[in-house]
Amino acid sequence: MFRPVSPKFNVTLVEEAVQRYWKSHDVFHKTMDQRIGGPEYVFYEGPPTANGKPGVHHVLARVFKDIFPRYKTMQGFHVSRRGGWDTHGLPVEIEVEKKLGFKVKQDIDAYGIDKFNALCRESAFAYIQEWERLTDRIGYWVDLETAYITFKNEYIESVWSILKNFWEKDLLYQGFKVVPYCPRCGTPLSDHEVAQGYAETVDPSVFVRLPLVDEPGTSLLVWTTTPWTLPGNVAVAAHPEVDYVVVEHALPEDGTEKLILAEALVEKVFHGEAVKVVNRMKGKALKGKRYQPLYTFLPVQKQAYYVVLADYVTTEDGTGFVHIAPAFGAEDMAVGLEHDLPLLMTVADDGTFIPAVRPWAGVFVKKADPLIIDELHTRGLLFRSENYTHTYPFCWRCDTPLLYYARPTWYIRTSQFKDRMVELNNTINWYPGHIKSGRFGNWLSNNVDWALGRERYWGTPLPVWECVDCRHQHAIGSVAELSTLAGRDLTGLDLHRPYVDEVTLGCPECGGKMKRVPELIDVWFDSGSMPYAQWHYPFENVEQFHQQYPADYICEAVDQTRGWFYSLHAISTLLNDQVSFKNVVCLGLIQDGNGQKMSKSRGNVTDPWEVLNANGADAMRWYLYTAGPPGQERRFSSELVGEVLRNFTLTLWNTYSFFVTYANLDGWQPGDGQQAQYSDLDHWLRSTLHALVRDVTTAMENYDVLGATRPIEAFVDQLSNWYLRRSRRRFWKSESDGDKQAAYATLYEALVTVSKLLAPSMPFLAEELYQNLVMQMNPNAPESVHLAVWPAFDPTLVDDKLNRDMALVMKLASVGHAARNKANRKVRQPLAEAAFSVGNADEARVVQAYADLLEDELNVKRVRALDTTGEAVAYSLNPLPKQLGQKYGSRFPAIRKTLLAADPEPAARRLLDGQPVDLEVDGEKVAVLPEEVEVRVQAREGYAVASEGAYLAALVTDLTPALVREGLAREFVRRVQDLRKTADLQISDRIRLYYQATPGLVEAVADFKEYIMAETLTVDLVSSAPSEAATVSQAEFDGEQLTVGVEVAR
RNA sequence: GGGCCUUUAGCUCAGUUGGUUAGAGCGCGCCUCUGAUAAGGGCGAGGUCUCAGGUUCGAGCCCUGAAAGGCCCA
C-alpha cells in the first residue's frame, strides 16, 4: 500500500514533514558522505554577512546556489558544500558605532579598539539564527557547521600568506589614492557612505586665466567649482577631438586679450557677448603648450604646467579645459600618473591649508574659496566668478562637505596582470554570456591597481611592518614568521587590532624598532581568498585545497562582478595564474511587484517569511527559477509565487493523489506491469517523458535553469490534463487487465521520474513523492530522492513522430471543442459525428488512428477525416511564405499573387493529391509543391464548423431520440456523482440509488440502466421516493425534472 | 559622461537561422467539463511588439539613431 494522500494539499505540513525526515535521517550529510570516492564537483559559497536580516535577494542567490550541487550529487558527484561567513568590514563597524552612538572615528579610539572589535565580532553574527532558520526553511543545503569564518586566526593567516607572496613578487606597494574624505571625522568614506550624503549645494563657479608662456597676451580659460584646489594645479587637460578657438575679447578697462576655450562653450561663457574668433584648432594641437603656474607654494621637481590630453573632458560645462590637481580628484590622479606630473598635497588631514600655502595656512579650504577668488582677481587672473548649484556629497554623519583627497594607501599591482586576467576570463563560462565580455570583461580591461588599504579597525590587518627609524618595510606571511622575528611565541595571538599592533620587530637594516603599518585590508580581499583560506592553506589541508580548486560552480548576483567575482579572479590570477571558477551564474536583482528596487527607504521590501508561510519553499524556489532568465532583474511578490502553487504544484499533487488513491484501491504495486499492454497514449507519454529527461539533463549540464524547469511544468500539465484526463476510465474500470496495468505502470514511471527531475528545484515535494512512491514500496531504495540516481533517458522510447501526432490530436480536439461551442452543443450531449479536415494525407491517417480517443474526448459516435472531394464546397490556398519566400526570394510576391488569382479548386485537388501546381509567373514556369501551400477547406451547410489554420472540425448536430436519451442519461449520472460527493461517500462505496423523474428522463434511465449503475457504483436502482437515510437532491435540466437520493448499500 | 541589460496584451513572460493571422499563464465576461483537481476546455474583450529611420520580396527578430527603466562605473 502507498501511504494515503489527501487530495487537499497542505504545503506547510508536507514541507515540515520532509524537513523532519531529512533531519532525523541526516540526509544532508549522507548526500556528501555517500558520494565520497565519486568525481568531485566543486562549489564555492560566496560568504554573506550575518549582521543584517536575510531578504528575498538572499533567497534568490541561495536557491540558485542549491540547484546544481543537488543535481550533481544525483549524478554521482561528491559535492562538498561548505558554507562561509564574511565577518569583517565597515558595515559591521557602522552597526556597532550606531549601537554605541558614536559620531566620529575618534570615538572608537577613545572607547578602545579592543572593546570595539570585540563588539564587532559579536555583531558580525547578530542575525546568524535568522540566517540559519531561513537557509533551512528554503532547503538550501550548505554545511554551516563547518563554515569558514573570515575573522578566524587561521583564515587571516592564510590571507597573510597570500599577501606575503604578493610582497615577494613586488605586487604590493604603497601609493596614493584619491578618496572621498571627511576632514572633520578624519576618515575616508566608502562609496556606500558617500551615496547616502548627496545634497544640493551652492559652490563658487570661477573662470581663471592661465597665461601662455610662449604666446604673451593669450590665456587658457579654465573653470572650476573648487578654487581651493587651484594651488594644487599642475596641468590643464583638453579633449583631443574637441574644437577649440582663440577668441579676441575686449577688456573692460582697455585693450583686448586672447582667450582659448572650446568652441561649443563660447556662447555660454561669454553670455552672447560678441567675440572675435581669430583661430581654431583641435584639442590635440594644444598638447604641450606651457602656461605660467598660478602658484608656486611648493617646489616642483617634475615637468608641470602644460596642456595634456584626456578623453574624459566634456563640453557640457565650463570651458573645455579641466584644471588638473592630482591630489584632489581621481581622474586628476590618473592623468597625473599617466604624464608623471607632480603631486602637490597642499591640504592637511584636517582640511586646512598647510603652512607652505602661506596666505591661507590653517584656513579650512572651503572657507578659503572666497579669499582665493579675491587674490586671483587682484592679480588679474580671474575672468569671472559666479555661483553654481549642484549636488555634492556631504558626510552622512556630520554634514561636512567631503573633500576628494589623495591619501597614501596600499595597492596590489593588478594592472600588471590585466591582459592575463582578460585571457583567463575568456575561458570561464558566464551565464548570462554577455557578462563575460560585457560588464566583467570591460571591468577587467579597464583594470587599475587594487586599492587594498583601509584606515579602519575591524578587518584583516595588513601584515607589513615598518621601521620607525629607517622606513624599512617587511611583510609577514605567517604567525611562525612573526614569532621568529618578534623573538617570542605568538601562537594564539589574536591577529586583529589592537593586539597585532602591539607586536614590534627589530629592524634588520638599522636595528631600530619596526611597527605594523596602520592599515587593514579591503574585505573583498578576505572573501576572494576563500579558496585558500577556507582550508588554512598552505599551512594545512594541502590536499583538500588542491581537490577543491578551482570551483566548478559559483553563483551570486550581478553586483558581485566588481566584488567577489573580481576578487576571486584577481587573486587566483596573481597567485596561481589560473581561474578560480569555471562556471558562474550571475543573477539579476530582485524588484518588487512594480519593478521598483526593493529598499528599506521605499518600504517595499518583501519579507521572505511571509511568502514562505503562505506558499512554501518549493513554490518560492520554482518561481525564482522560472520567472525569467536568471541574469535579468525579476519582479517578486507573494501573488506571483501563489500562482505557482495553483498552477503547477496543485496539478502535480492531484495527479499524485489520484494515482495513490486508485493504486491503493486496486492493490497495484510497482513491478505489476508484466502483462501490461501499452496503448498509443502510454507510448506517447513515455516518449514525452523521456524527451523531457533528455532536455532537462542537457539544460542542467549547460547551467540553463529556465530550460531545466519550465519544461517540467509543461510536462506535468500534459500529464494531468491530457494523459490522465484521457485515461481516467482505464483506472476506474473494475477488471484488472493489461490495459489497466499499462496505465498504472506508465503513470507511476512518470511520477517517479518527475520527482527525480524536480529534486534539485523542488526538493520538498520531490521528496514527498519519492518517499511514498518509491521508499514505501521498496525499503532497499536510496532513502532520499536526493540520494537517488538522476534518471537516464532511453532514446529508443523517444518517438518524435508520435509526439507530433499527439500534438495534432490535441489540436483537433481543441478545434472540435470550438465547433461544439459554436453549435451550442454541450459536451455531455453525444453527437453523431465529427469530421476533420487536415493538411495532408499523413495527418488524415492520424485522424483515423486516434478516432477512438477523439470520439471519447468530444463525445461523438464517429470520427473521420473529411472527404475533401465530395463534401467541401470551397477551397482556398494559403501560400506559405517561409517555404516559397526562401526558395524564390524577390519573386515570391508575384508567385503568391498568381497563385491566389488562380482557380483554387483544381489547384487544391492536385496539391491534396501530392502533385505540384504549374504556374506561369512573369513568363517563367514555376512548379509550386504541395508542402509550399496550405490548402484550406470550407464545409457544406448543415455542419457546425470551427477551424484553425489548415484544421477544420465539422460536427453533425442533428439529434436522434436515442442521442437525446443518452444525453439525459449522462446528465443523470452527473447529478448522482455530485450527490455522492455531497454525501461525502468514499470513492469505492457502493450505493442504493432512488430516483423520481419526468417521463422523458425515466425512459432514458431505463435505456441506460446498466451504464448508470456502472458509472455510479449503484447496486440497487430504485424508482421511488428516497428513504429517510438517503442524501437527496432535486434538479431540472433539458426540460426534465429529477429527484435523486443515495445511500450506502450495506 | 561611459559600459551592460531591459522595453511584446491590464499583470508576469515566451517568441527558434527574419517567413502563415505575434503566443502562453494570471486577471475579466459568457459558456462548458469534472468522483484527481484550489483545476480543465471553448468563446470573447484586451497588441501602432517603446519611438524614428534603414536593409529585405518579407522585420517583434538584423542595422543606425532616439526615448524610458534598471544595474555598475565615473
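Residue numbers begin at 1 in each chain, while the letters A, B, ... track the order of the sequences.
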Asks: Extract from the structure each pairing of a protein N or O with an N or O of nucleotides 57-60 of chain B at less than 3.5 Å, listing the distance.
Replies:
unit_1: C57(B); atom_1: N1; unit_2: Gly889(A); atom_2: O; d: 3.4

Asks: How does each nucleotide of nucleotides 62-68 of chain B score, in 5' to 3' order, for protein heavy atoms under 4.0 Å: base (B), sugar-phosphate only (S), or none (-)?
Replies: -------

Asks: For a quick check of understanding: with a heavy-atom distance under 4.0 Å over all strands, which category does Tyr656(A) fall into, base, sugar-phosphate or nothing?
Replies: nothing

Asks: At less than 4.0 Å, is any side-chain N or O atom of Lys436(A) found next to OP1 or OP2 of C5(B)? Yes or no.
Replies: no

Asks: In whole angstrom, give me the gap between the P atoms of A66(B) and G10(B).
Replies: 29 Å

Asks: List in chain and number order the residues that pass salt bridge (Lys or Arg N to Asp or Glu O under 4.0 Å) with Glu843(A), two or more places apart in sequence or in another chain; answer none if no residue qualifies.
Replies: none

Asks: Donor-acceptor pairs under 3.5 angstrom involving side-chain atoms of residues 648-661 of chain A: please list them, not counting sequence neighbours.
Replies:
unit_1: Thr651(A); atom_1: OG1; unit_2: Asn647(A); atom_2: O; d: 2.7
unit_1: Trp653(A); atom_1: NE1; unit_2: Ser6(A); atom_2: O; d: 2.9
unit_1: Asn654(A); atom_1: ND2; unit_2: Leu650(A); atom_2: O; d: 2.8
unit_1: Thr655(A); atom_1: OG1; unit_2: Thr651(A); atom_2: O; d: 2.8
unit_1: Tyr656(A); atom_1: OH; unit_2: Glu768(A); atom_2: OE2; d: 2.8
unit_1: Tyr656(A); atom_1: OH; unit_2: Asn772(A); atom_2: ND2; d: 2.9
unit_1: Thr661(A); atom_1: OG1; unit_2: Ser657(A); atom_2: O; d: 2.6

Asks: Sorted by first residue and then second, give each salt bridge (charged side-chain N to carboxylate O under 4.0 Å, His left out) pair with at least one member in residues 642-657 of chain A; sequence neighbours left out.
Replies: none

Asks: A39(B) phosphate, OP1 or OP2: any side-chain N/O from Ser720(A) under 4.0 angstrom?
Replies: no

Asks: Under 3.5 Å, is there an N or O donor on one side and an acceptor on the other linking the side chain of Lys981(A) and the base of U34(B)?
Replies: no

Asks: Give me each pair satisfying salt bridge (charged side-chain N to carboxylate O under 4.0 Å, His left out) with a member in residues 975-986 of chain A, each pair once, sequence neighbours excluded.
Replies: Glu971(A)-Arg975(A), Arg974(A)-Asp978(A)

Asks: What salt bridge (charged side-chain N to carboxylate O under 4.0 Å, His left out) pairs are there with at least one residue in residues 647-656 of chain A, not counting sequence neighbours?
Replies: none

Asks: Can you tell me how far C1' of U20(B) sits from CG of Leu899(A), to the nearest Å?
Replies: 13 Å

Asks: Apply ring pair (Phe, Tyr, Trp, His ring centres under 6.0 Å) to Trp524(A) and list each qualifying residue two or more places apart in sequence or on a separate chain.
Replies: none

Asks: Report yes if at least one side-chain N or O of Trp653(A) is closer than 4.0 Å to OP1 or OP2 of A38(B); otherwise report no.
Replies: no

Asks: Hey, what are the protein-to-nucleotides 26-33 of chain B N/O distances that come in under 3.5 Å?
Replies:
unit_1: C26(B); atom_1: O2'; unit_2: Glu643(A); atom_2: OE2; d: 3.1
unit_1: C33(B); atom_1: OP1; unit_2: Arg828(A); atom_2: N; d: 3.2
unit_1: C33(B); atom_1: OP2; unit_2: Arg828(A); atom_2: NH2; d: 2.9

Asks: Taking salt bridge (Lys or Arg N to Asp or Glu O under 4.0 Å) as the definition, give me every residue that meets it alongside Asp522(A), ordered by chain and number, with sequence neighbours left out.
Replies: Arg454(A)

Asks: Would you write the dot-bracket representation of RNA chain B, where each base gets (, ), [, ], | or . depending on whether it forms a Watson-Crick or G-U pair under 3.5 Å and with which partner?
Replies: (((((((..((((.....[...)))).(((((.......))))).....(((((..]....)))))))))))).

Asks: Among residues at least two apart in sequence or on other chains, which ones pass salt bridge (Lys or Arg N to Asp or Glu O under 4.0 Å) with Arg562(A)?
Replies: none

Asks: Examine the base of G35(B) for any acceptor or donor lying under 3.5 Å from a partner atom in the side chain of Arg980(A), and report the outcome as yes or no.
Replies: yes

